[in-house]
Amino acid sequence: MKQNLNLTPLPDAFYQYPTLQLAEELLGCILVKQTEEGTSSGFIVETEAYLGNADRAAHGFGNRRTKRTEILYAEAGMTYTHLIHNHCLINVVSAEKEVPESVLIRAVEPYTGVDLMLARRPVKKFQNLTSGPGKLSQALNINMGDYGRSLQEPPLFIAAGKKPEKINTGPRIGIDNSGEARDYPYRFWVAGNKFVSK
DNA sequence: TTTGTGATGCTCT
DNA sequence: GAGCATCACAAAG
């Protein structure tokens, strides 16, 4: 399959949206990763906003700045690859400088370079290829080498894609405690998409 | 029972 | 200060 589509990185202005809005706008966009073996990409179908200061799920709460989270304090449009155990989670840094907000990409729908993705992660069910944070990062070969990289130039960038017909929002999952933070509709996904983790 | 996920923590240079 | 690593719980089959 050819990929002659005009995959143009989104302009810097795109990342100037408020974090929550950016998370929604990101749905349907195309996450592109170029490697020596070729180019693989997918539609973003699930995102999650992380408001570092007021978000209980965001690690220790409050203002904890470490080497890992350092990039979150940078300006918008950067890539934040969080290496945790055997998995890699990819985030899009948003908000302005010194504001630790970002959008976590939880799931994508395979678009181009599917064969390449399958080669990296053999799965029996096609839906299992990228239906999760750890899966998609492995399928797209996203690693710490992408940490702090700009999302506006190859080999890793986000291009405009199709607009989702219907977007759902709701509370995030996996958060047991914390009163109000649990009900925050910080999670966005494309309604009815099979590649959404839930 | 197996696979996936979890904003980290520890050890070495 | 930077790089590298493991364990355990939960959800799905």
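In what follows, chains carry the letters A, B, and so on, assigned in the order in which the sequence lines appear, proteins first and then strands, with residues in each chain numbered from 1. Hydrogens, waters and symmetry mates play no part in the numbers below; they use all other heavy atoms, side chains included.
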* Asked: Taking CD from A:E70 and P from B:dT8, how many angstroms apart are they, rounded to a whole number?
  -> 14 Å
* To do: Figure out the OH/P separation between A:Y147 and C:dA2, and round it to whole Å.
  => 10 Å
* Nearest whole angstrom, please: distance from the P of B:dT8 to the CG of A:L89. => 9 Å
* Asked: For the pair made of CZ in A:R187 and P in B:dA7, what is the distance, rounded to whole Å?
  -> 15 Å
* Asked: Expressed in angstrom and rounded to an integer, what is the separation of A:K125 atom NZ from C:dA11 atom P?
  -> 22 Å
* **Any donor-acceptor pair under 3.5 Å from A:N141 side chain to A:Q138 backbone** => no
* Asked: In Å and rounded to the nearest 0.5 Å, what is the OH to OG distance from A:Y50 to A:S102?
  -> 8.0 Å
* Structure fact -> A:N128 atom CG is separated from B:dG4 atom P, nearest whole Å, by 7 Å
* Asked: Taking atom P of B:dT2 as reference, at what distance in whole Å does atom NZ of A:K124 sit?
  -> 11 Å
* Rounded to whole angstroms, how far apart are CG on A:N143 and C1' on C:dG3? -> 14 Å
* Asked: For the side chain of A:R149 and the backbone of A:G145, is there at least one donor-acceptor N/O pair under 3.5 Å apart?
  -> yes
* Dot-bracket pairing map - DNA chain C, Watson-Crick plus G-U, both contacts under 3.5 Å, | cross-strand -> |||||.||||||.
* Asked: Would you say B:dG6 has OP1 or OP2 under 4.0 Å from some side-chain N or O of A:R106?
  -> yes
* **Charged N-O contact under 4.0 Å between A:E46 and A:R187** => yes
* Considering only NZ, NE, NH1 and NH2 on the basic side and carboxylate oxygens on the acidic side, decide whether A:R106 and A:E48 come within less than 4.0 Å. => yes
* Distance between P atoms of C:dG3 and B:dA7 (Å, rounded) -> 22 Å
* May I ask you to say what A:N91 touches in the nucleic acid, namely base, sugar-phosphate or nothing, with a heavy-atom cut-off under 4.0 Å? => base
* **Neighbours of DNA chain B within residues 134-141 of chain A, by heavy-atom distance under 4.0 Å** => A:G134, A:K135
* Touch check for A:L83, heavy atoms < 4.0 angstrom, all strands: base, sugar-phosphate only, or nothing? -> base
* Asked: What pairs of residues pass the side-chain hydrogen bond (donor to acceptor under 3.5 Å, both in side chains) test when at least one of them lies in residues 122-131 of chain A, not counting sequence neighbours?
  -> A:S131-A:K135
* Are A:S41 and A:T112 close enough that a side-chain donor and a side-chain acceptor fall under 3.5 Å? -> yes
* To do: Compare every heavy atom of A:L151 with every heavy atom of A:F157, then report the nearest pair and how far apart it is.
  => CB-O, 3.2 Å
* **Exam field: side chain A:R120 to backbone A:A139, donor-acceptor pair closer than 3.5 Å** => yes
